[in-house]
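Both ligands and their constituent atoms are indexed starting at 1 by order of listing. Counting from 1, the numbers follow the sequence of the chain as shown.
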Amino acid sequence: MNIILLGAPGAGKGTQARILVEERGMIQLSTGDMLRAAQTSGTEMGKKVAAIMDAGQLVTDEIVIGLIAEQLDADHGEQTGGFIFDGFPRTLAQADALEALLAEKGQGLDAVIELRVDDDALVDRITGRFTCGDCGEVYHDRTKPTKVPGVCDVCGSTNLKRRADDNEASLRQRLMEYYKKTAPLIGYYHAKGKLRVVDGLQDMRAVTADVAKALSG
Ligand code: ADP
Ligand code: AMP
């Protein structure tokens with residue numbers, strides 16, 4: 001099963017994707033994570049996109065489509081539960097490219113889950129977010145703190161990080177980009193009969209339960 005998790009920055013896509021990976025052996029393809037990894041490893045592409053990401057703008061379609069194409073061709077070993085596209089596509093051009101890439105492999109999209117959250121909640125979600133730099137677990141100061149302060153619950157690492165773009169000014173720009181360039185995908189996938197809307201304002205477990213229902217329906 002191949003699915004897209006669609007939603008504004010902070011809607012809970014990464015959180016729910018990690019649960020689907022754990023529970024269903026799916027493969028999470030997050031273009032944001034891939035771009036941050038390129039920055040950390042200091043590649044030319046990573047250097048090129050750093051300022052764009054910090055400013056909350058979208059990087060070019062060409063770059064992210066290239067990243068996804070590479071991952072669709074990669075060997076993902078034991079994980080065979082299908083792909084979760086997290087933070088991709090973000091433009092109609094990316095959506096078309098994804099469809100073509102999947103079609104080349106004789107595959108398609110099974111569902112697009114929109115996690116709907118209002119803007120006020122997003123500020124709190126984004127400004128409270130931190131992640132484990134080693135295993136990628138996602139936390140929040142208030143809604144999902146670590147059990148032991150400063151230590152990752154999953155892997156025990158103390159390498160907990162906040163993103164450079166997780167501040168109010170950058171979020172405002174990211175939201176603008178979302179409504180201008182990504183939100184049109186909601187109508188697009190609705191028209192294709194693929195869209196399922198989940199109330200992302202509920203607590204994490206309730207969101208997970210509704211995502212499961214949306215995928216079985
Ligand atoms: P996205 O991948 O859509 O940007 P994340 O999954 O990283 O969003 O979630 C953003 C922040 O909100 C994180 O700090 C996460 O722990 C928190 N969060 C995610 N889902 C919920 C939820 N249902 N209720 C409260 N906080 C949540
Ligand atoms: P995310 O981790 O999904 O919040 O993405 C962080 C940043 O990476 C975004 O604000 C963009 O600058 C960039 N980015 C991630 N995915 C895409 C995409 N599909 N298209 C363009 N830019 C992207």
Thr15, portion touching ligand 1 at heavy-atom distance under 4.0 Å: both
Under-4.0 Å heavy-atom contact with ligand 1, by part of Gln16 that carries it: neither
Close N or O approach (Asp165, ligand 2; < 3.5 Å): no
Backbone or side-chain N or O of Asp33 under 3.5 Å from ligand 2 N or O: no
Thr31 N/O under 3.5 Å from ligand 2 N/O: yes
Nearest-option assignment for atom 12 (O) of ligand 2, heavy atoms, candidates Gln173, Gln94, Gln57, Lys181: Gln57
Protein heavy-atom partner closest to atom 14 (N) of ligand 2 - residue, atom, separation in Å: Leu35 CD1, 3.4 Å
Closest to atom 5 (O) of ligand 2 (judged by heavy-atom distance), picking from Arg90, Lys13, Arg174: Arg90
Arg18 heavy atom under 4.0 Å from ligand 1: no
Geometric N/O contact Val59 with ligand 2, under 3.5 angstrom: yes
Proximity of Asp203 to ligand 1 by residue part, where a heavy atom lies under 4.0 Å: backbone
Tyr139 contact mode with ligand 1 (heavy-atom cut-off under 4.0 Å): backbone
